[in-house]
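Note: hydrogens, waters and symmetry copies are ignored here, and every other heavy atom, side chains too, is used. Keep in mind the model is a prediction, meaning the values are calculated, not measured. In what follows, every chain begins at residue 1, and chains take the letters A, B, ... in the order their sequences are listed.
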There are 2 protein chains.
Amino acid sequence: MFATCAPAAPATPGSTPALPQRREPRAPVFDGHRIAESLRLVADNVPIQRRVLRAGDTVYQAGQRFTHLHVVNAGMYKIVNLSADGRDQIVSLKYRGDWLGFDGIPEGVHDCDAIALDTGEVWTVSYDALTRACAAAPALIGLLHGAMSRELAGDRGSLMSVCSLPADARVADFLCNWARALSRRGLRTDQITLRLTRAEIGNYLGVTLETVSRAISRLARCELIEFTGKGRRDLVIPDVDGLAAFVQGCLAPVPALH
Amino acid sequence: MFATCAPAAPATPGSTPALPQRREPRAPVFDGHRIAESLRLVADNVPIQRRVLRAGDTVYQAGQRFTHLHVVNAGMYKIVNLSADGRDQIVSLKYRGDWLGFDGIPEGVHDCDAIALDTGEVWTVSYDALTRACAAAPALIGLLHGAMSRELAGDRGSLMSVCSLPADARVADFLCNWARALSRRGLRTDQITLRLTRAEIGNYLGVTLETVSRAISRLARCELIEFTGKGRRDLVIPDVDGLAAFVQGCLAPVPALH
DNA sequence: CGTTCGATTGAGGAAGATCAATTAATGTGG
DNA sequence: CCACATTAATTGATCTTCCTCAATCGAACG
């Protein structure tokens with residue numbers, strides 16, 4: 001696939017111009033203010049309970065009765081969906097400002113686990129109290145809907161990645177998204193610590209852990225990523241846009257349709 | 001994979017009993033009443049505009065300003081996500097009772113297309129009017145949240161299918177879900193018409209159209225599905241639970257983890 | 001210092017993609 | 001109504017990617 005490490009050649013010489021291949025470093029999005037406001041809006045209108053978690057702690061578990069929602073104030077979390085037949089599947093990752101627990105709404109019972117990946121804090125609010133507060137403070141409705149809609153958008157992104165990208169690109173895309181999620185929230189990206197094992201990343205991306213490992217090694221060989229610490233969990237992405245361009249490059253021969 | 005058509009042998013003789021392999025025909029879920037109530041609740045509290053669509057018509061398109069939501073009263077719809085680089089990806093399918101348009105909430109602009117797959121009708125409501133009505137009729141809040149949460153659950157299911165099932169099982173799972181979506185809504189399932197081409201199914205499931213075609217042929221050979229009409233678009237699923245069991249059977253050698 | 005768990009890397013095989021040819025259904029214009 | 005074009009679906013042959021199996025290595029921990 002990319003033994004040559006050719007990073008997304010700017011479209012083959014005689015190709016259609018239909019693909020702008022946008023390479024200008026996109027304006028770095030920063031959501032920190034919006035998130036801080038959201039947190040304040042919640043805390044001002046609903047009684048919250050702060051809860052500190054350590055890596056491995058569960059915020060809630062599948063099967064538990066649903067009574068509360070949780071807003072992430074700090075830390076990172078994985079959402080694990082367990083199907084009836086024993087498969088378990090990491091379906092999304094959550095960061096500061098994201099909500100946890102929507103899955104329990106329709107049936108009153110959670111059908112996912114939410115598990116902390118590192119030390120963090122969530123603000124827990126009663127769902128009943130929250131809906132009542134919505135009547136008084138309509139801004140809360142917009143907040144909630146926005147959060148749910150963003151979660152939907154994230155899911156669509158995952159599906160897109162899994163359905164349309166080869167394994168190496170999936171891993172690259174995963175790393176891009178991770179880095180962007182951090183940078184949008186104002187967290188440091190010059191020293192990223194992967195909080196997932198290769199097996200977990202593979203589970204999330206629909207590939208085996210060996211494939212993840214090989215992909216990461218190749219990306220490192222191409223210097224699209226660099227390891228910093230002793231182990232293989234701390235890394236730097238020197239140029240996130242370059243990494244994103246690599247993802248695009250994996251699609252080169254396929255584009256035209258309709 | 002299943003040249004012998006062995007349908008989910010009840011676990012290999014000496015295997016762990018950890019996998020119950022539930023085969024009792026699950027109680028058929030029927031959501032018709034809940035959906036009818038939901039539609040009425042909306043119509044009673046918010047001005048709606050009925051809109052009839054024919055196959056291929058768009059309910060809304062990516063890039064359009066978001067002002068309205070839509071509830072499906074009839075017909076089937078595909079949601080297509082187009083990424084910046086030209087990939088387009090079917091991310092979900094919608095039926096009576098589902099909502100369309102949530103993707104526009106956070107940015108005020110849609111980032112998906114919603115396209116009718118056959119003749120149908122949607123009820124269009126102003127999002128502003130709807131949120132205002134939520135204050136007056138709190139049941140609407142629960143309705144909306146339930147709908148969004150169900151959509152999230154559907155997305156997780158898709159991701160799970162794509163990440164953990166081999167191609168043949170994915171197609172089988174897709175057909176199961178289609179049939180169940182219909183039967184839950186009280187629509188006839190003794191004569192299912194696929195409204196998607198093989199290419200579209202493949203796009204949705206992350207495989208090529210040839211793979212879809214082969215999988216469908218094999219399922220038909222095993223009599224897990226049967227074609228009815230002249231073409232290859234009308235089919236019957238004699239035993240949905242049997243088809244679901246086939247999906248499970250594809251996972252046999254993998255289960256244990258942790 | 002040995003044990004354990006996670007990660008890396010290689011070799012071989014299998015599932016699925018790609019390329020290509022054929023058939024079937026649908027639509028068009030004469 | 002028929003010849004023709006067009007689009008969808010099927011099926012086969014080959015090739016690539018990724019999975020599986022296995023060995024090795026490294027870091028962390030008791």
Side-chain angles (χ1 to χ4, degrees), chain A residues 1-4 55-56 117 161-172 174-175 193-221 225 227-235 250-258, chain B residues 1-4 55-56 87 117 161-172 174-175 193-221 225 227-235 249-258:
Chain A
M1 158 56 72
F2 63 119
T4 65
L117 294 174
S161 178
V162 170
C163 280
S164 67
L165 295 179
D168 298 303
R170 260 182 245 183
V171 173
F174 164 78
L175 294 172
T193 300
L194 284 181
R195 304 276 175 194
L196 297 175
T197 66
R198 304 294 191 253
E200 288 174 313
I201 297 172
N203 174 288
Y204 183 44
L205 300 179
V207 296
T208 60
L209 84 180
E210 293 96 332
T211 298
V212 174
S213 181
R214 282 185 241 269
I216 289 180
S217 294
R218 277 191 283 257
L219 292 172
R221 215 162 9 245
I225 63 176
F227 288 109
T228 56
K230 317 220 98 175
R232 293 277 133 69
R233 290 164 47 93
D234 300 313
L235 55 83
C250 291
L251 296 161
V254 195
L257 51 155
H258 281 303
Chain B
M1 158 55 72
F2 64 118
T4 65
R87 289 176 283 167
L117 295 173
S161 179
V162 170
C163 280
S164 67
L165 294 179
D168 299 302
R170 261 182 243 182
V171 174
F174 164 78
L175 293 173
T193 299
L194 285 181
R195 305 277 174 193
L196 298 175
T197 66
R198 304 294 191 253
E200 287 174 313
I201 297 172
N203 174 286
Y204 183 42
L205 299 178
V207 296
T208 60
L209 84 180
E210 293 96 330
T211 297
V212 174
S213 181
R214 281 185 242 269
I216 288 181
S217 294
R218 277 190 284 257
L219 292 172
R221 218 168 358 251
I225 63 175
F227 288 110
T228 58
K230 316 220 100 176
R232 293 277 132 70
R233 289 164 49 93
D234 300 313
L235 55 84
C250 290
L251 296 162
V254 195
L257 50 156
H258 280 302

**Item:** Separation between CZ of B/Arg232 and CG of B/Leu194, rounded to the nearest 0.5 Å
**Value:** 12.0 Å
**Prompt:** D/dT7 P sits how many Å from B/Lys230 NZ, rounded?
**Reply:** 23 Å
**Message:** From CG of B/Asp234 over to P of C/dA25, roughly how many Å is that when rounded to an integer?
**Reply:** 12 Å
**Asked** Considering residues at least two apart in sequence or located in another chain, which fulfil the side-chain hydrogen bond (donor to acceptor under 3.5 Å, both in side chains) criterion with B/Ser213?
**Response** none
**Complete:** Quick note, B/Phe227 side chain, CB onward, closest among D/dT10, D/dA8, C/dG6 is D/dT10
**Request:** Mind checking salt bridge (charged side-chain N to carboxylate O under 4.0 Å, His left out) for A/Arg195 and listing every partner two or more places apart, or none if nothing turns up?
**Result:** A/Asp118
**Message:** Quick check for you: to the nearest 0.5 Å, what is the distance between A/Arg198 atom CZ and A/Ile216 atom CD1?
**Reply:** 3.5 Å
**Rounded distance (Å) that lies between atom P of D/dT10 and atom CG of B/Leu219** = 11 Å
**Message:** Rounding to an integer number of Å, can you tell me how far B/Arg218 CZ sits from D/dT11 C1'?
**Reply:** 11 Å
**Asked** Quick one: B/Leu235 CG to D/dA9 P, roughly how many Å, whole number?
**Response** 12 Å
**Message:** So, OP1 or OP2 of D/dG26: does either fall under 4.0 Å of a side-chain N or O from A/Arg232?
**Reply:** no
**Item:** Any B/Ser217 side-chain nitrogen or oxygen under 4.0 Å from OP1 or OP2 of D/dT11
**Value:** yes
**Asked** Rounding to a whole Å, what distance do you find between B/Leu194:CG and D/dA9:C1'?
**Response** 12 Å
**Request:** Starting from P on D/dA8, measure out to CZ on B/Arg198 and report it in whole angstrom.
**Result:** 12 Å
**Message:** Just to verify, what does B/Ala220 make a side-chain contact (heavy atoms from CB on, under 4.5 Å) with, not counting sequence neighbours?
**Reply:** B/Ile225, B/Phe227
**Request:** Mind listing the residues from residues 199-214 of chain B sitting with a heavy atom below 4.0 Å of DNA chain D? Number order is fine.
**Result:** B/Glu210, B/Ser213, B/Arg214
**Complete:** B/Ile216 CD1 to D/dT11 P, in whole Å, measures 11 Å
**Contacts of type side-chain hydrogen bond (donor to acceptor under 3.5 Å, both in side chains), residue A/Thr193, not counting sequence neighbours** = A/Asp234
**Prompt:** What pairs with B/Glu200 under side-chain contact (heavy atoms from CB on, under 4.5 Å), at least two apart in sequence or on another chain?
**Reply:** B/Lys78, B/Ile90, B/Leu196, B/Thr197
